[in-house]
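Accompanying notes for the structure given below.
In what follows, every chain begins at residue 1, and chains take the letters A, B, ... in the order their sequences are listed.
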2 protein chains.
Amino acid sequence: MQVDELSRTFAALADPTRRALLAQLAHGSAAVGELAKPFDMSFAAVSKHLRVLENAGLVSRGRDAQYRPASLDARPLRAAAAWIDDYQQFWSDSFDALDDHLATLTDKEKQ
Amino acid sequence: MQVDELSRTFAALADPTRRALLAQLAHGSAAVGELAKPFDMSFAAVSKHLRVLENAGLVSRGRDAQYRPASLDARPLRAAAAWIDDYQQFWSDSFDALDDHLATLTDKEKQ
DNA sequence: TTGGTATAGAACTTATTGGTTGAATATAGA
DNA sequence: TCTATATTCAACCAATAAGTTCTATACCAA
């Protein structure tokens with residue numbers, strides 16, 4: 001790998017399929033077959049995404065008969081949140097508040 | 001691009017060079033030449049990284065004579081922080097603390 | 001207008017990513 | 001032991017990413 005923990009965490013989060021997998025796992029452990037259902041892609045592809053999440057430390061795998069249940073491990077997110085929080089002042093400074101508010105409104109219009 | 005805002009944000013943050021660029025910009029706008037100094041890479045490479053950050057909405061560019069100063073725009077980080085914060089309970093719940101501790105020990109045994 | 005400096009663009013290389021399909025492995029159950 | 005189910009592995013492909021070098025552009029200043 002050769003790349004630092006924080007980079008692996010952000011890279012893992014950069015894919016919407018993987019974020020959706022984490023969201024599912026937030027409701028509890030699940031096996032690959034269960035996790036793959038919402039996605040229009042092969043089990044093998046989901047298995048690969050789980051491997052990426054595992055390498056980022058965001059999920060751990062177990063064994064239950066034929067199943068390899070995945071479970072969420074959110075700890076790496078703490079460092080990611082800490083990194084981002086260092087920039088909070090740059091979006092929450094009072095002189096930015098109006099800009100932020102307007103941007104929020106604009107974003108909502110786009111949807 | 002074809003990829004959502006949050007994915008672009010996380011992807012932009014997944015590279016340590018780009019995170020370092022943002023850290024520099026937190027101290028104020030700077031031109032490419034200035035930003036490139038700490039890195040052992042060509043100006044063109046830094047310019048490309050800035051383009052990625054720009055496409056993620058994290059920096060905006062200006063013009064000052066020959067210079068193209070970049071400045072930080074942290075607003076996309078707010079959505080990223082919000083996404084991560086949904087998982088905060090999974091690393092801070094008191095009833096998870098023991099689990100976490102045990103998992104850490106188990107991981108260490110594996111190595 | 002000529003030259004110097006800052007930056008971006010274009011073309012290229014190499015490595016990685018995200019997907020596929022088909023074979024292999026692990027486990028449960030008859 | 002045989003078979004079905006769940007998952008991973010291996011090989012492959014196309015697209016993207018991260019870097020390079022060289023060229024082009026934009027601006028200032030003499």
Side-chain angles (χ1 to χ4, degrees), chain A residues 1-25 28-72, chain B residues 1-22 24-25 28-72 110:
Chain A
M1 278 289 173
Q2 192 73 328
V3 47
D4 62 285
E5 180 73 14
L6 200 48
S7 296
R8 264 198 303 266
T9 302
F10 282 131
L13 298 181
D15 186 284
T17 300
R18 288 194 290 265
R19 290 198 304 279
L21 288 171
L22 293 178
Q24 283 193 73
L25 292 174
S29 300
V32 178
E34 194 66 26
L35 291 168
K37 277 184 188 165
F39 303 106
D40 184 22
M41 87 182 50
S42 66
F43 283 22
V46 172
S47 184
K48 276 191 179 185
H49 280 302
L50 284 173
R51 170 68 64 102
V52 173
L53 291 168
E54 195 178 1
N55 288 338
L58 287 164
V59 315
S60 55
R61 310 297 304 274
R63 166 70 78 181
D64 175 14
Q66 317 79 320
Y67 307 91
R68 302 286 317 278
S71 57
L72 179 63
Chain B
M1 274 290 171
Q2 190 75 326
V3 46
D4 62 284
E5 180 73 15
L6 200 48
S7 296
R8 265 198 301 269
T9 302
F10 282 130
L13 298 181
D15 186 286
T17 300
R18 288 195 290 264
R19 290 198 305 276
L21 287 171
L22 293 177
Q24 283 192 74
L25 292 174
S29 300
V32 179
E34 194 65 26
L35 291 168
K37 277 184 187 165
F39 303 107
D40 184 22
M41 91 183 42
S42 66
F43 283 23
V46 172
S47 184
K48 277 193 180 184
H49 280 301
L50 284 172
R51 169 66 65 103
V52 173
L53 291 168
E54 195 178 0
N55 287 338
L58 288 163
V59 315
S60 55
R61 310 296 304 274
R63 167 71 77 181
D64 174 14
Q66 315 81 318
Y67 306 92
R68 303 288 316 279
S71 57
L72 179 64
K110 284 182 192 160

*asked:* Without decimals, in angstroms, what is the distance between B:His49 NE2 and D:dA17 P?
replied: 12 Å

*asked:* Can you measure B:Glu34 atom CD to C:dA6 atom P for me and round it to whole angstrom units?
replied: 11 Å

*With respect to the phosphate group of D:dT20, does any side-chain polar atom (N or O) of B:Ser42 fall under 4.0 Å of OP1 or OP2?*
yes

*Atom pair CD (B:Gln24) and CZ (B:Phe39), whose distance is rounded to the nearest 0.5 Å*: 5.5 Å

*Could you say whether B:Gly33 or A:Asp40 is positioned toward the 5' end of DNA chain C, judged by the nucleotide with the nearest heavy atom to each?*
B:Gly33

Tabulate atom names and distances for all N/O pairs under 3.5 angstrom spanning the protein and nucleotides 9-11 of chain C.
from	atom 1	to	atom 2	distance (Å)
C:dG9	OP2	B:Arg51	NH2	2.7

*If you check every side-chain atom of A:Ala45, which of C:dT7, C:dG19, D:dA18 has the closest atom?*
C:dG19

*Where along residues 14-22 of chain B does a heavy atom come under 4.0 Å from DNA chain C, residue by residue in number order?*
none

*asked:* Expressed as a whole number of angstroms, how long is the span from A:Asn55:CG to C:dT17:C1'?
replied: 13 Å

*asked:* I'd like to know if the side chain of B:Ser7 and the backbone of A:Ala14 have a donor-acceptor N/O pair within less than 3.5 Å.
replied: yes

*Using only side-chain N and O atoms of A:Arg68, determine if any of them is under 4.0 Å from OP1 or OP2 of C:dT27.*
no

*Please state how far atom CE in A:Met41 lies from atom P in C:dG19, giving the value in whole angstrom units.*
4 Å

*Nucleotide C:dT20, atom C1' - distance to CZ of A:Phe39 in whole Å*: 18 Å

*Look at the side chain of B:Thr9 and the backbone N and O of B:Glu5, then say whether any donor-acceptor pair between them is shorter than 3.5 Å.*
yes

*Ignoring hydrogens and angles, tell me if any N or O in the side chain of A:Arg68 forms a donor-acceptor pair with the backbone of A:Gly62 under 3.5 Å.*
yes

Every protein N/O lying under 3.5 Å from an N/O of nucleotides 24-30 of chain D:
none

*Could you tell me whether the side chain of A:Asp15 and the main chain of A:Arg18 form a donor-acceptor pair under 3.5 Å?*
yes

*Report the distance from atom CG of B:Leu22 to atom CG of B:Leu35, rounding to the nearest 0.5 Å.*
10.0 Å

_Between P on C:dA26 and CZ on A:Arg61, what's the gap in Å once rounded to a whole number?_
15 Å

*Would you find a donor on one side and an acceptor on the other, under 3.5 Å apart, between the side chain of B:Arg8 and the backbone of B:Val52?*
no

_Where at least one partner belongs to residues 40-57 of chain B, residue pairs that pass salt bridge (Lys or Arg N to Asp or Glu O under 4.0 Å), sequence neighbours excluded_ = none

_Restricting to salt bridge (Lys or Arg N to Asp or Glu O under 4.0 Å), what partner residues turn up for A:Arg19, sequence neighbours left out?_
B:Asp4

_Working to the nearest 0.5 angstrom, can you tell me the gap between A:Leu53 CG and A:Thr17 OG1?_
10.0 Å

*To the nearest angstrom, how far is A:Phe43 atom CZ from C:dT25 atom C1'?*
17 Å

*asked:* Of the options D:dG19, C:dA6, C:dT20, whose atoms approach the side-chain atoms of B:Tyr67 most closely?
replied: C:dA6

*Rounded to the nearest 0.5 Å, how far apart are CG of B:Leu50 and CG of B:Asn55?*
11.0 Å

*Partner set under side-chain hydrogen bond (donor to acceptor under 3.5 Å, both in side chains) for A:Gln66, not counting sequence neighbours*: none

